[in-house]
Amino acid sequence: GAVVSQHPSRVICKSGTSVKIECRSLDFQATTMFWYRQFPKQSLMLMATSNEGSKATYEQGVEKDKFLINHASLTLSTLTVTSAHPEDSSFYICSVGQYEQYFGPGTRLTVT
Amino acid sequence: GENVEQHPSTLSVQEGDSAVIKCTYSDSASNYFPWYKQELGKGPQLIIDIRSNVGEKKDQRIAVTLNKTAKHFSLHITETQPEDSAVYFCAAIQGAQKLVFGQGTRLTINP
């Protein structure tokens, strides 16, 4: 399957600041990437679908102005959490593929 | 939209025994059903999947069965080992639409 990396693996930031998370598809040209959020002991919830060269598609209830997604190339998508607050603390995971989706290792965000 | 229910939420079995996790889905148009294993602090790993034109698929100690009529599918792990301990998620997808995940099952293998 596809190999996906994320950077950073862990990040701690102060409330009100912005954080950027990178998702790279190392061996698969991904026109579409997916961003998920996972709270402790819960399932994965799709936040948005990142489309190369065009705007992302956000799921209902996800603020597009707060979670900025950029998919500038076939191998890189970024998620920027703007004006982060403690309730944004979560595990953020990206994936590539359509039917068979392959996930990155995740990024643990802690907002203090 | 699609809704996936997964049971049980926790499962504890003795090493060497079998484990079964069950999922039901709501949308009869769903046609792809993957299973993911997630270890603590890591991203989910695809372990097996099945498409709607197949009733069963096996890969070594793991197998998945699908009953389209009843809209449920199951994961079977035989000869369980301590390294099988993890959280397992089922999911369903229709066409090129989004994956919808079940709530997860925390599987513990007792030595």
Side-chain angles (χ1 to χ4, degrees), chain A residues 1-11 21-26 28 30-51 56-62 79 89-110, chain B residues 1-11 21 23-25 27 29-54 57 59 64 66 73 86-108:
Chain A
V3 180
V4 182
S5 70
Q6 283 185 239
H7 178 80
S9 57
R10 290 176 175 269
V11 58
I21 301 170
E22 293 185 348
C23 175
R24 291 184 183 274
S25 177
L26 301 183
F28 179 80
T31 55
T32 302
M33 292 185 179
F34 302 91
W35 286 96
Y36 293 81
R37 181 167 53 183
Q38 185 178 34
F39 292 108
K41 296 188 177 181
Q42 292 190 22
S43 189
L44 288 83
M45 295 299 295
L46 180 66
M47 298 176 65
T49 302
S50 169
N51 303 299
T57 304
Y58 291 82
E59 294 299 302
Q60 191 173 8
V62 178
L79 169 68
S89 298
S90 189
F91 194 51
Y92 292 85
I93 320 171
C94 66
S95 72
V96 303
Q98 282 292 333
Y99 281 93
E100 297 175 1
Q101 285 193 25
Y102 296 93
F103 287 82
T107 296
R108 173 78 57 195
L109 170 62
T110 303
Chain B
E2 176 63 277
N3 182 53
V4 178
E5 296 287 332
Q6 182 173 347
H7 298 280
S9 58
T10 61
L11 179 61
I21 303 171
C23 288
T24 60
Y25 61 98
D27 191 340
S30 291
N31 57 6
Y32 175 71
F33 308 92
W35 285 88
Y36 287 87
K37 175 184 181 182
Q38 187 178 28
E39 298 178 341
L40 190 62
K42 297 183 179 180
Q45 175 191 5
L46 179 65
I47 57 172
I48 195 167
D49 56 12
I50 191 167
R51 295 181 186 266
S52 59
N53 59 348
V54 177
K57 183 176 178 181
D59 182 3
V64 57
L66 171 64
F73 56 112
V87 179
Y88 290 81
F89 291 98
C90 64
I93 190 172
Q94 173 194 57
Q97 296 182 25
K98 64 180 182 180
L99 272 177
V100 177
F101 285 87
Q103 296 86 347
T105 297
R106 183 172 299 278
L107 175 63
T108 302

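Note: hydrogens, waters and symmetry copies are ignored here, and every other heavy atom, side chains too, is used.
With a threshold of 4.5 angstrom between heavy atoms, A:Q42 approaches chain B through N, CA, C or O but not through any side-chain atom. Using a 4.5 Å cut-off between heavy atoms, A:Q6 makes no contact with chain B at all. Heavy-atom distances place both the backbone and the side chain of A:L44 under 4.5 Å from chain B. Looking at B:Q6, neither its backbone nor its side chain comes within 4.5 Å of chain A, counting heavy atoms on both sides.
Nearest heavy atom pair, residue A:F103 against residue B:P44, reads CB-O, 3.4 Å. Summarising the geometry of A:S43 relative to B:G102, their closest heavy-atom pair is OG-O, 2.6 Å, with the distance given to 0.1 Å. A:F91 approaches B:K42 most closely through the heavy-atom pair CE2-O, 3.6 Å.
The number of heavy atoms from other shown groups lying within 6.0 Å of CZ (B:R51) is above 12.
The CZ atom of B:F101 lies 9.0 Å from the CD atom of A:Q38; values are rounded to the nearest 0.5 Å. For the atom pair CD (A:Q101) and NZ (B:K98), the distance works out to 11.5 Å, reported to the nearest 0.5 Å. Taking CG of B:D49 as the start and OH of A:Y99 as the end, the distance is 11.5 Å to the nearest 0.5 Å.
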Test side chain to side chain contact (heavy atoms under 4.5 Å, CB included) applied to A:Y36 and B:L99, step by step
CA-CA 11 Å; A:Y36 293 81; B:L99 272 177; 3.8 Å; yes
